[in-house]
Asker: 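Pasting a structure here, questions to come.
Just the heavy atoms: all of them, side chains too, but no hydrogens, waters or symmetry mates, feed the values below. Given the structure is predicted, the values throughout are model-derived calculations rather than measurements. Position 1 is the first residue of the sequence, and the numbers go up from there.
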Amino acid sequence: MREKILIAYGIYLVLLSIITFITYWADKRKAQKGKWRVPEKTLLLMSFLGGAFGGIFAMKKVRHKTTGAHWYFTVVNVLGVLIHLGLAFCIAFIFKF
């Protein structure tokens, strides 16, 4: 049972990270073209809810939201990674299923 939950959680994190990366990338493209942007709170929420790996990768790969004025994106993404790694650890070793 525990293994199935971990696998499902891992799939959730991977899928949300891919979606988050694509959303960050699309927002960067829209910014370059001067078009309507994805709200910052949407990007932050996606990162916090499990897409932080994709958010961090997008920040590095497409250089999006990396200026000093957007320091909170780094904080939320790192916090998201720590929270979800901690939850995965709890599922694997602490919670009884």
Side-chain angles (χ1 to χ4, degrees):
M1 176 73 166
R2 183 178 302 199
E3 292 81 18
K4 289 181 182 180
I5 293 172
L6 264 177
I7 290 169
Y9 185 61
I11 291 169
Y12 164 78
L13 291 177
V14 168
L15 290 177
L16 191 55
S17 288
I18 291 169
I19 292 167
T20 302
F21 176 84
I22 291 168
T23 306
Y24 271 64
W25 174 79
D27 187 55
K28 176 70 174 194
R29 299 281 296 167
K30 289 177 181 184
Q32 292 170 335
K33 294 180 179 183
K35 293 185 177 180
W36 173 86
R37 307 277 306 276
V38 176
E40 284 189 349
K41 62 183 171 184
T42 301
L43 296 172
L44 292 168
L45 186 62
M46 291 176 73
S47 292
F48 189 74
L49 293 179
F53 294 105
I56 290 172
F57 186 63
M59 288 175 71
K60 298 292 182 187
K61 186 73 175 168
V62 298
R63 298 181 45 85
H64 191 46
K65 301 293 186 185
T66 56
T67 64
H70 295 101
W71 58 270
Y72 46 91
F73 274 86
T74 301
V75 171
V76 168
N77 278 296
V78 170
L79 186 60
V81 167
L82 293 175
I83 287 170
H84 290 285
L85 285 177
L87 186 55
F89 178 83
C90 289
I91 292 170
F93 300 109
I94 297 175
F95 297 150
K96 306 275 188 219
F97 296 104

Asker: Between I19 and L13, is there shared hydrophobic-cluster membership here, with clusters defined by ILVMFWY side-chain heavy atoms closer than 4.5 Å?
Answerer: no
Asker: Do other residues, nucleotides or ligands put more than 12 heavy atoms under 6.0 Å from Y9 OH?
Answerer: yes
Asker: What is the distance from atom CD1 of I83 to atom CG of L49, rounded to the nearest 0.5 Å?
Answerer: 9.5 Å
Asker: If Ile, Leu, Val, Met, Phe, Trp and Tyr residues are connected whenever their side-chain heavy atoms lie under 4.5 Å apart, and connections chain through other members, are V81 and V76 in the same group?
Answerer: no
Asker: Any chance you could measure L82, atom CG, to N77, atom CG, to the nearest 0.5 Å?
Answerer: 11.0 Å
Asker: Hydrophobic clusters here meaning ILVMFWY residues chained together by side-chain heavy-atom distances under 4.5 Å, can you tell me if V78 and W71 are in one?
Answerer: no
Asker: Counting distance only, does the side-chain N/O of S47 pair as donor-acceptor with the main-chain N or O of L43 below 3.5 Å?
Answerer: yes
Asker: Which atom pairs, donor and acceptor, lie under 3.5 Å between side-chain atoms of residues 50-62 and protein residues at least two apart or in another chain?
Answerer:
none

Asker: Are the side chain of K28 and the backbone of R63 linked by a donor-acceptor contact shorter than 3.5 Å?
Answerer: yes
Asker: Roughly how far, to the nearest 0.5 Å, is the CZ atom of F95 from the CE atom of M1?
Answerer: 13.0 Å
Asker: Could you state the interatomic distance from CD1 (I5) to OH (Y12), rounded to the nearest 0.5 Å?
Answerer: 15.5 Å
Asker: Do I18 and V38 share a hydrophobic cluster, counting only Ile, Leu, Val, Met, Phe, Trp and Tyr and linking them when any side-chain heavy atoms are less than 4.5 Å apart?
Answerer: no
Asker: Working to the nearest 0.5 Å, report the span between CG of L16 and OG1 of T23.
Answerer: 8.5 Å
Asker: Please step through side chain to side chain contact (heavy atoms under 4.5 Å, CB included) for the pair Y24 and M46, ending with a clear verdict.
Answerer: CA-CA 10 Å; Y24 271 64; M46 291 176 73; 5.8 Å; no
Asker: Evaluate the side-chain proximity of S17 to T20: yes if any heavy-atom separation is below 4.5 Å, no if none is.
Answerer: no
Asker: Report yes if some heavy atom in the side chain of W25 is under 4.5 Å from a heavy atom in the side chain of H64; otherwise report no.
Answerer: no
Asker: For residues K65 and D27, report the shortest heavy-atom separation together with the two atoms involved.
Answerer: CE-OD2, 4.1 Å
Asker: Rounded to the nearest 0.5 Å, how far apart are OH of Y72 and CG of L44?
Answerer: 7.0 Å
